Amino acid sequence: DAGITQSPRHKVTETGTPVTLRCHQTENHRYMYWYRQDPGHGLRLIHYSYGVKDTDKGEVSDGYSVSRSKTEDFLLTLESATSSQTSVYFCAINTAQGREETQYFGPGTRLLVL
Amino acid sequence: AQSVTQLDSQVPVFEEAPVELRCNYSSSVSVYLFWYVQYPNQGLQLLLKYLSGSTLVKGINGFEAEFNKSQTSFHLRKPSVHISDTAEYFCAVSKGNTGFQKLVFGTGTRLLVSP
């Protein structure tokens, strides 16, 4: 357990509404990531952060924005949710073991956009 | 660009039988390789990783994988599976080992273990 929590764990929303997902970590890790998981696609990187207020896009960033105002929190926002954003969203962090770093994943948020 | 191919979307096997889940990757640079497991309705858990050194990597729950650079493969094996190994398994590749790690995932292989 790398001390990652995600909230909410489940959400149902309607098309066009804004949605914010939260990832919280307790161990001051610098790098944080948001992925989405869809059948037939595995996991794909949406955005990542390399420090407070430092974020960058991943491969599927359209329709998503992120913010990181504190080390421990990384927020993913869908400004206007669409049905194509129905997915399971995972947050991840890098943890260091000596000189090696490994990504550990949170429990996921299941989002349904009607 | 890197990519990962998991040829088998589903692998059915009987309990106590051996299993191999296949993973091939493509990359023009040296890579780091990972296997993650996802149990139903849970997040991903790291099974094992290859960063350097011995090409045979041992992980948790009795799994091991062998890195084969000439065949660009990183197949996952277990000599005797249990019902509890039923899960989805993801192979992933990364160029970096520190700092930003862009993990590129395969599409996953569902392992179904039956009695």
Side-chain angles (χ1 to χ4, degrees), chain A residues 1-7 9-10 21 23-25 29-51 54-61 68 74 87-110, chain B residues 1-10 21-25 30-54 57 59-60 65 74 76 87-110:
Chain A
D1 183 355
I4 313 171
T5 57
Q6 293 185 232
S7 58
R9 294 292 314 280
H10 302 271
L21 309 183
C23 176
H24 179 78
Q25 55 133 334
H29 297 292
R30 180 182 175 192
Y31 288 88
M32 299 183 75
Y33 307 79
W34 277 108
Y35 290 87
R36 61 177 288 174
Q37 182 182 25
D38 304 289
H41 290 278
L43 278 80
R44 292 177 292 173
L45 182 64
I46 305 172
H47 281 280
Y48 66 96
S49 170
Y50 47 97
D54 293 322
T55 64
D56 207 345
K57 296 179 180 180
E59 62 181 306
V60 290
S61 59
R68 193 167 177 199
F74 190 30
S87 186
V88 182
Y89 292 86
F90 287 99
C91 176
I93 59 173
N94 273 18
T95 64
Q97 297 171 315
R99 292 171 56 190
E100 300 172 358
E101 295 190 28
T102 303
Q103 273 188 42
Y104 287 90
F105 288 79
T109 294
R110 195 172 293 270
Chain B
Q2 301 160 291
S3 66
V4 176
T5 302
Q6 293 182 246
L7 290 167
D8 306 304
S9 60
Q10 192 164 288
L21 306 184
R22 296 181 293 168
C23 173
N24 288 89
Y25 68 92
S30 295
V31 295
Y32 303 95
L33 294 153
F34 306 82
W35 275 101
Y36 284 86
V37 60
Q38 184 180 32
Y39 298 103
N41 299 313
Q42 294 187 27
L44 276 73
Q45 179 181 358
L46 181 68
L47 263 182
L48 49 80
K49 59 186 177 184
Y50 172 77
L51 303 178
S52 64
S54 173
V57 181
I60 62 172
F74 190 54
L76 181 70
E88 189 149 22
Y89 293 79
F90 291 93
C91 181
V93 63
S94 168
K95 280 194 298 186
N97 179 37
T98 61
F100 172 58
Q101 281 186 334
K102 182 186 174 183
L103 282 178
V104 175
F105 284 86
T107 52
T109 297
R110 190 171 299 275

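These values consider heavy atoms only, across backbone and side chains, with no hydrogens, waters or symmetry-generated copies. Note on naming: letters A, B, ... go to the chains in the order of the sequence lines (proteins, then strands), and numbering restarts at 1 for each one. Keep in mind the model is a prediction, meaning the values are calculated, not measured.
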- Quick one: closest heavy-atom pair of Leu44(B) and Phe105(A), and the distance? O-CB, 3.7 Å
- Item | Non-hydrogen atoms of Phe90(B) and Gln37(A) that approach each other most closely | CZ-NE2, 3.1 Å
- Item | Leading residue by heavy atom contact count with chain B [cutoff under 4.5 Å; candidates Pro107(A), Gly108(A), Gly58(A), Ala92(A)] | Pro107(A)
- Item | When Gln6(B), Gln38(B), Gln45(B) are compared by non-hydrogen pairs under 4.5 Å with chain A, the top option | Gln38(B)
- Message: Rounded at 0.5 Å granularity, tell me how far OH in Tyr48(A) sits from NZ in Lys102(B).
- Response: 9.0 Å
- Over 12 non-hydrogen atoms of neighbours within 6.0 angstrom of CZ in Arg44(A): yes
- Relative to chain B, which segment of Leu43(A) carries a heavy atom at a distance below 4.5 Å: side chain, backbone, both, or neither? both
- Query: In terms of heavy-atom proximity below 4.5 Å to chain B, should Arg110(A) be classed as side chain, backbone, both, or neither?
  - Reply: side chain
- Query: Going from OG1 on Thr102(A) to OH on Tyr32(B), what distance comes out if it is rounded to the nearest 0.5 angstrom?
  - Reply: 11.5 Å
- Roughly how far, to the nearest 0.5 Å, is CD of Gln103(A) from CG of Leu103(B)? 4.0 Å
- Closest non-hydrogen contact found for Arg9(A) with Asn41(B) is NH2-O, 4.4 Å
- Query: Where on Tyr50(A) is there a heavy atom nearer than 4.5 Å to chain B: the side chain, the backbone, both, or neither?
  - Reply: neither
